[in-house]
Structure formats: structure tokens, C-alpha cells
Amino acid sequence: MKELLTAVRESPAHHVPPLLAGMDLAERRAALAGLKALRKEVRGWSWEKQGKVRRGLLVAGAGCHTGAAGCATWLGGRDLIGWDRPPVPLILAVLADRDPEWLGDVAHRLAARTATAEISYELIAALVKKAQCPLPTTEGFVRGWVSTVSRAQWQRQRRTPLIEVLRADPYTVDLLPRIFDMTELPPEMPWSDDPDSPCRWGATLASLAEEGLLERSVVVDGCVARLLRGGNSSEMRFFLTVLRELDLTEQEEAERIPDWAGMAADGISTVAGHAQGVLTRLDGRGELPVRALAEVSESVLFRTEKKLVRSQLVLLGKVLRRDPSTVDELLPAVGGAFEHEDIDIQERALKLLARYLPAAGAPVREALAESAALLGPAHRAMVAEVFGGPVAERPGTAEYEELLPPVPSPQPLDPAPATLPELVEEVVTLVRSTTPDVTAFERALDGLVRHAHSDRAALTDALRDALTGEWWLDGGPQPQFERQLRSEVSLRAVLAALFGRVSVRAVQEERASWTAAGTCPHAALNGVMKARLWEAAHAMLTGGLPFPLAVPTWHTGSLEPAVLVERLRTYQ
């Protein structure tokens with residue numbers, strides 16, 4: 001056991017499997033306690049020192065665990081994996097004596113670990129192959145598969161198109177349809193929109209469905225469901241690309257009328273425009289029921305995109321011209337455009353109404369007159385001409401008056417987190433967020449300075465545990481890292497000072513520097529923010545500042561004068 005621990009501490013990871021091969025199960029269980037203690041000890045080491053021990057510790061712990069649950073938990077530990085992929089051959093070597101059912105259990109448990117399944121993809125796939133068990137289809141495992149395929153295709157550049165890589169991959173049939181159920185698409189999939197790129201996942205997905213490698217109905221239904229569900233614009237463009245590439249048949253379009261109506265009503269502009277085009281084609285073929293057209297028009301005419309609203313009015317005009325008997329069903333929907341914010345849209349709707357109103361029944365005319373009462377003074381004369389006289393305003397309706405929108409009232413900024421757990425949660429969220437919230441940033445900056453002043457050691461310990469796995473966390477000052485911090489404007493400069501990752505000299509130089517004079521306003525604003533961050537970084541080193549002076553009191557970024565006076569009094 002001592003020999004194994006010594007090898008983990010001092011030798012490369014490939015020395016571990018031969019040592020484990022000579023140990024029975026009892027000896028391995030006995031060694032596990034020492035490995036767990038070493039793992040706890042390693043967490044307090046520098047980042048560089050951890051890297052030398054981490055792989056050997058990962059392999060040794062995997063070989064010493066006799067239960068599948070414990071082994072999977074060990075292999076999925078973020079502190080052991082870091083940002084590197086696990087050493088698959090070494091792990092398979094120490095698990096060579098386990099039965100296939102046990103290995104399959106470990107594989108599926110690893111795949112279920114959201115935080116590390118993606119980076120452990122190669123290990124999971126190797127365990128599945130060795131165990132001959134069913135393939136896991138969790139989000140993390142699918143993300144890992146997509147990343148691996150994209151990396152393989154990227155390494156081959158344009159010599160091998162993505163479609164050929166996927167045709168040869170044994171997991172394509174099982175895993176590719178899973179993207180329709182994922183919370184978010186893997187980032188590699190919507191990345192390339194270039195029509196000439198061989199890495200286009202969208203066009204490739206459609207081609208595989210056309211070839212029959214993927215079931216066409218599954219792909220079509222999956223795209224339609226995702227477009228109905230909504231999401232960010234890049235994902236919506238991706239699924240819309242697949243749908244367009246599939247070039248749906250007339251029957252496939254006719255079977256999904258409620259879906260096109262939902263997209264036209266609630267989808268982003270590009271999706272709504274595509275759905276509106278499909279509905280127009282369906283109407284041209286006589287396959288769009290009048291009731292369905294009326295219902296979707298009621299929603300589309302309330303949209304803010306003027307192009308969509310104009311197109312819908314054109315479609316309604318075509319149907320009314322072709323079949324005047326639809327007047328009573330379709331004209332009420334036209335009246336909904338009277339509440340649109342654009343005057344031109346209102347006028348188009350009123351002209352359409354004027355053309356077909358004489359054929360409408362009395363109840364429809366009465367309802368439309370009430371709707372027309374919402375129009376402003378610019379259309380009063382035309383309304384009177386259409387309805388044969390001025391329309392009565394709705395009871396309780398005040399006289400029309402043009403008003404500017406109300407001035408938004410400032411909202412007070414919440415105070416800094418009072419307790420250490422609250423602060424740690426907000427800091428971790430900000431560090432790992434791609435679009436940090438401005439008010440959350442101000443509260444976190446305020447909280448860091450306050451807690452560093454009251455108990456710097458407790459703050460450091462709490463954040464070190466919460467930020468485990470961040471590559472920049474451990475180690476001493478390094479010139480390369482300091483140069484990177486000086487070039488960016490982020491909370492990382494403050495945290496790096498707290499953990500001793502930047503030198504005192506660097507902090508002092510940045511506090512004294514001012515590089516934005518004479519440059520554009522944006523650089524000047526960045527300069528102000530950098531000055532605040534490096535002042536906070538200095539507070540992390542000394543703990544002498546009770547709180548930042550310039551934290552705003554309102555969500556607008558302004559600072560209440562009385563609060564500033566009180567802070568200055570406290571400083572004094």
C-alpha cells in the first residue's frame with residue numbers, strides 16, 4: 001500500500017497499473033483510505049503541483065474501488081479530472097479484471113454525471129465497448145460525442161466531409177436524434193453557417209435523413225418541435241436550416257397546420273416568416289381551413305414585425321377576394337390590426353376593411369366599429385367614411401391624447417450579500433457566466449471588499465472550495481497570467497489578488513496607471529472600471545478598505561448623495 005501511495009505522489013501515472021495488478025481486493029480496499037486522504041491533501045496544493053499527481057491518483061482510486069457507484073463517483077470527480085481528458089488506457093488496465101455488467105454500470109453512472117460526462121466521453125465509450133452494454137444517451141454523453149466527431153472532422157479539414165465521418169460512426173443512428181431533446185444544442189452544431197463548409201451539421205443532418213440513415217419523420221418532427229419550443233436565435237436558425245434542407249412534401253406540410261400556426265404566432269422573426277410562407281402555400285393549394293387562418297391572423301397581426309403583419313394582411317386580402325363568403329370569419333381578425341403601434345399598418349387594415357365591410361353581417365360590423373374606435377385622430381375621417389358616420393367610443397374610454405411613455409422610476413440596488421455563502425454563490429455565478437449581470441457584479445464587488453475586511457481567511461477558504469477546477473485559481477504570481485489580467489476588465493483580477501496569483505507590484509502599478517486619457521469614450525469608461533477593480537484588488541491584499549466608495553445605490557448606476565456623504569464619514 002505504501003508503495004502505491006509513493007508511486008502516486010512521485011511517479012508518472014503509468015507506474016500505477018503494474019502495482020495494482022499485484023494487489024488483491026483486500027489490499028486495494030485498504031489502500032483506498034490513503035488515496036482519499038491524499039486527494040483531500042492535494043486540493044490545497046498549487047495548480048501546477050496538483051497536475052503532477054492528479055492522473056496517478058485518478059487511476060489508482062479507480063482500481064481500488066470495488067463498487068461501481070464509488071468508482072464512478074471517483075472517476076467523475078472534477079478535482080481529479082481537471083480540464084484534461086482522463087487517461088483511458090490506464091483506467092481500462094486497472095479495471096481489466098472486472099466483469100462486463102460492473103463496467104457497464106460504471107459507464108452509465110459516469111454518463112449521468114452532468115458536470116463531467118462530456119469530458120469523460122472517451123472513457124465512457126471505451127467502457128461501453130468493453131462491457132457490450134446499451135449505449136447511454138444522456139446530454140453530457142451526446143455533447144461529448146458531438147465534440148469528438150467535430151474534432152476528428154476538423155483535424156481532417158476539408159479532406160473528409162462531416163457526412164462521411166458520421167456515416168462511418170457507429171453511434172450516429174442512436175445519438176444524433178437525441179439533439180432534439182437536449183436543453184441546448186452542443187456549441188459545435190450551429191457554429192458554421194457557411195454553405196460551402198464541410199462542417200455544416202444542419203445540412204449534413206438533412207442529408208442523412210434523405211439517405212435513410214436517420215428516420216425522416218423523426219428529424220422533421222424533432223425540428224418542428226424545437227422551433228415551436230423556441231430558444232436562442234442560433235439554435236432556431238440551425239433547426240430551420242435542417243427543415244428547409246429537407247424540403248418537406250405537400251403532405252408533410254399539410255399534416256402540421258397547427259404547428260405552422262404556432263410558429264407564425266410566437267416564433268422568432270425568421271421562424272415566423274418561414275411558417276407564414278408555408279401557410280400561404282397551403283392556402284394556395286386549398287388546404288388551409290378558413291377557421292385556422294382566422295385564428296393565426298389574430299395572433300400575427302399583434303406582432304411588432306411590420307413585414308410579417310403586412311404579409312398576413314396580404315394573405316387575408318387574397319382569401320377574401322377569392323371567397324367573399326369568408327368575410328364574417330376573417331374581418332374580425334383584420335380589426336385586431338387597429339391596435340398595432342404602426343400607423344401605416346392601421347391604415348392598411350382599414351383599407352382592407354373598407355373593401356369588404358359591406359358584405360359583413362350586422363354583429364361583425366358592430367364589433368369592428370368598436371375596434372375602429374381605438375384608432376387615433378389621423379384616421380377619424382376615414383373611419384367615418386367606412387362606417388357611414390363617426391363611430392361611438394367605448395364606454396369609459398377617455399378622450400384620445402398623445403402621451404409620451406412614463407419616465408421609469410429608479411429601482412434601489414440590493415445591498416451586498418451579508419453572509420459568506422450568499423457571496424460565494426454570487427461570485428461563482430459571475431465567474432462562470434458569459435454575460436454577467438451588472439447589478440450582480442456591483443453587489444459581488446461590494447461583498448468581496450467587505451468580507452476581505454472582516455475575515456479575509458474565511459473568504460479565501462470558502463471561495464477556494466467553490467471555485468475548485470478553475471485553471472487560474474492556484475499557484476503563485478506568473479508574468480503571463482498577470483499580463484492577461486491587465487488586459488481585461490473582469491472580477492478575476494480581484495479574485496486573483498485574493499488568492500495571491502498576482503504580485504503586489506503588479507497591483508500597485510495597475511492602481512497608479514491611467515491609459516484612457518485622450519482616447520475614445522469607451523476606453524475611458526473601461527479605464528474607470530479597471531481603476532475600481534484594481535483598487536478592490538489592493539483591498540484584497542491589505543483588507544484595510546471597509547467597503548468600496550463608488551458602488552451605486554440605484555439600478556441606473558447613480559449614487560445617492562446622502563449615501564456618499566455617509567460613506568465618506570465612515571471612511572474618515
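Treat the numbers as computed from the prediction; the structure is a model and nothing was measured. These values consider heavy atoms only, across backbone and side chains, with no hydrogens, waters or symmetry-generated copies. Numbers here are sequence positions counted from 1.
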Has H555 got a side-chain atom pairing as donor or acceptor with Q411's backbone, closer than 3.5 angstrom?
yes
Looking only at heavy atoms, which two atoms of L246 and R216 are closest? And how far apart?
O-NH2, 3.1 Å
Validation: residues 130-140 side-chain donor-acceptor distances under 3.5 Å, sequence neighbours left out:
residue, atom, partner, partner atom, Å
Q132, NE2, K129, O, 2.6
T138, OG1, A111, O, 2.6
T138, OG1, F141, N, 3.4
E139, OE2, T183, N, 2.8
E139, OE2, T183, OG1, 2.9

Are any non-hydrogen side-chain atoms of E245 and T241 less than 4.5 angstrom apart?
yes
Work out which heavy atom in A31 is nearest to a heavy atom in M23; give both atom names and the distance.
CB-CE, 4.0 Å
For the pair R98 (side chain) and T66 (backbone), establish whether a donor and an acceptor sit closer than 3.5 Å, ignoring hydrogens and angles.
no
What's the shortest heavy-atom distance between A107 and I124, and which atoms?
O-CG2, 3.7 Å
Donor-acceptor check, side chain of R29 to backbone of H65, threshold 3.5 angstrom: yes or no?
no
Looking at E101, I want to see if its CD is surrounded by more than 12 non-hydrogen atoms of other residues, nucleotides or ligands under 6.0 Å.
no
Checking R456 side chain against M540 main chain: does a donor-acceptor pair fall under 3.5 Å?
yes
Quick check: does any side chain N or O of W74 sit under 3.5 Å from a backbone N or O of L58, one acting as donor and the other as acceptor?
yes
Short side-chain to backbone donor-acceptor contact, S147 and R143, under 3.5 Å
no
Residue set satisfying ring pair (Phe, Tyr, Trp, His ring centres under 6.0 Å) with H538, at least two apart, ordered chain then number -> none
Name all residues meeting the ring pair (Phe, Tyr, Trp, His ring centres under 6.0 Å) criterion together with Y171; count only those two or more places apart in sequence or in a different chain, and write none if there are none.
none
Show the nearest heavy-atom pair for residues H453 and L545, with the distance to one decimal.
CB-O, 3.4 Å
Is the backbone N or O of D24 less than 3.5 Å from a side-chain atom of E27, with the two atoms forming a donor-acceptor pair by type?
yes
Verify, without hydrogens or angle tests, whether R226 (side chain) and I179 (backbone) share a donor-acceptor contact under 3.5 angstrom.
yes
Residues T439 and E442: side-chain donor-acceptor under 3.5 angstrom:
no
List the steps and the verdict of salt bridge (charged side-chain N to carboxylate O under 4.0 Å, His left out) for R505 and E510.
CA-CA 9 Å; R505 177 181 176 182; E510 286 300 317; over 6 Å; no
So F180 and F239, would you call those rings parallel, tilted or perpendicular, with 30° and 60° as cut-offs?
tilted
Find the distance between CE (M189) and CG (L162) and round it off to the nearest 0.5 Å.
8.5 Å
If we ignore hydrogens and angles and just use 3.5 Å, is the side chain of S503 paired with the main-chain N or O of A506 as donor and acceptor?
yes
Neighbour count >12 (heavy atoms, 6.0 Å) for atom CD, E425
no
